[in-house]
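Here the structure is laid out as structure tokens; the discussion comes afterwards.
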Amino acid sequence: MDRQAAVWAVPLLLAIHNAEEALTFPRYLPEVREHPPYFLRSVAESLHYDALFIALVVVTVVPALVSLWSWRRPQSRAAFWCVMLIQATVFLNVFAHMSSVITVFRGYGPGVLTALAINLPFSIYLFRVARRGGWLTRPETIWLFPAALMVHGPGLIAAFAIGRAFTAT
């Protein structure tokens, strides 16, 4: 895989994952409301599918725009690093899905199939290719993971807030 193909594979595979969530969440939303972790109880109780759907659209479109930026500026290390940050966040999200399958759903949960079958192996593959190909320096790679921790939670909260704002009327 070359770097430009990776730039577009990231949002494409994320879109597939988000589609799985969009298609399966209506059936599983009652479980989210009934069994949330304590610290997410108020968020889970007020979660509605329309807001969730808009949040999924946001977390699909924003990475595509970042990839467009990187594609249009192929020499920009910052733009490519942001694409890789998205993938690091997707990688972290795999573990969030595994945690929710164990603690909330006790079985299948929306997005877990693509998280394990696509996002996990692609993340590992892409990080290895990026390091071996010199696309990222060692420090750039190391900083992806703490940055992904900072993006994952606040990013989801922001996406849900946008979803609520659009469905509040």
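Not measured: the values here are computed from a predicted model.
In this structure, Ser99 contributes its side chain and Phe95 its backbone to no donor-acceptor pair below 3.5 Å. Under the 3.5 Å distance criterion, the side-chain polar atoms of Arg3 are left unmatched by any main-chain donor or acceptor of Gly133.
Within the structure, every pair that satisfies the side chain to side chain donor-acceptor pair (under 3.5 Å) test and touches residues 88-97, not counting sequence neighbours, is listed here: His17-Asn93, His17-His97, Glu21-His97, Asn93-His97, Asn93-His152. Sorted by first then second residue, the ring-ring contact (aromatic ring centres under 6.0 Å, His included) pairs that include residues 106-125, not counting sequence neighbours, are Tyr28-Tyr108. Sequence neighbours left out, the pairs with a member in residues 131-142 that pass side chain to side chain donor-acceptor pair (under 3.5 Å) are Arg77-Glu140, Thr137-Glu140.
Taking every heavy atom of both residues into account, Ser70 and Val7 meet most closely at OG-CG2, 3.6 Å. Considering every non-hydrogen atom in both Pro154 and Leu149, the closest pair reads CD-O, 4.3 Å.
No more than 12 heavy atoms of other residues, nucleotides or ligands sit less than 6.0 Å from atom CE of Met150.
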Would you be so kind as to tabulate the donor-acceptor pairs closer than 3.5 Å made by side chains of residues 156-163, with sequence neighbours excluded?
none

Please table the atom pairs, donor to acceptor, closer than 3.5 Å between any side-chain atom in residues 48-62 and protein atoms at least two apart or in another chain.
| unit_1 | atom_1 | unit_2 | atom_2 | d |
| --- | --- | --- | --- | --- |
| Tyr49 | OH | Ala22 | O | 2.6 |
| Thr60 | OG1 | Asn18 | ND2 | 2.7 |
| Thr60 | OG1 | Leu56 | O | 2.7 |

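Once rounded to the nearest 0.5 Å, the distance linking CG of Asn119 with CG of Leu14 reads 7.0 Å.
Partners of Trp8 under the side chain to side chain contact (heavy atoms under 4.5 Å, CB included) rule, at least two apart in sequence or in another chain, are Pro11, Ser67, Leu68, Trp71.
The hydrophobic cluster containing Ile124 also contains Leu85, counting ILVMFWY residues as joined when their side-chain heavy atoms lie under 4.5 angstrom apart, directly or transitively. Under the 4.5 Å side-chain heavy-atom criterion for Ile, Leu, Val, Met, Phe, Trp and Tyr, Val94 and Leu92 are members of distinct hydrophobic clusters.
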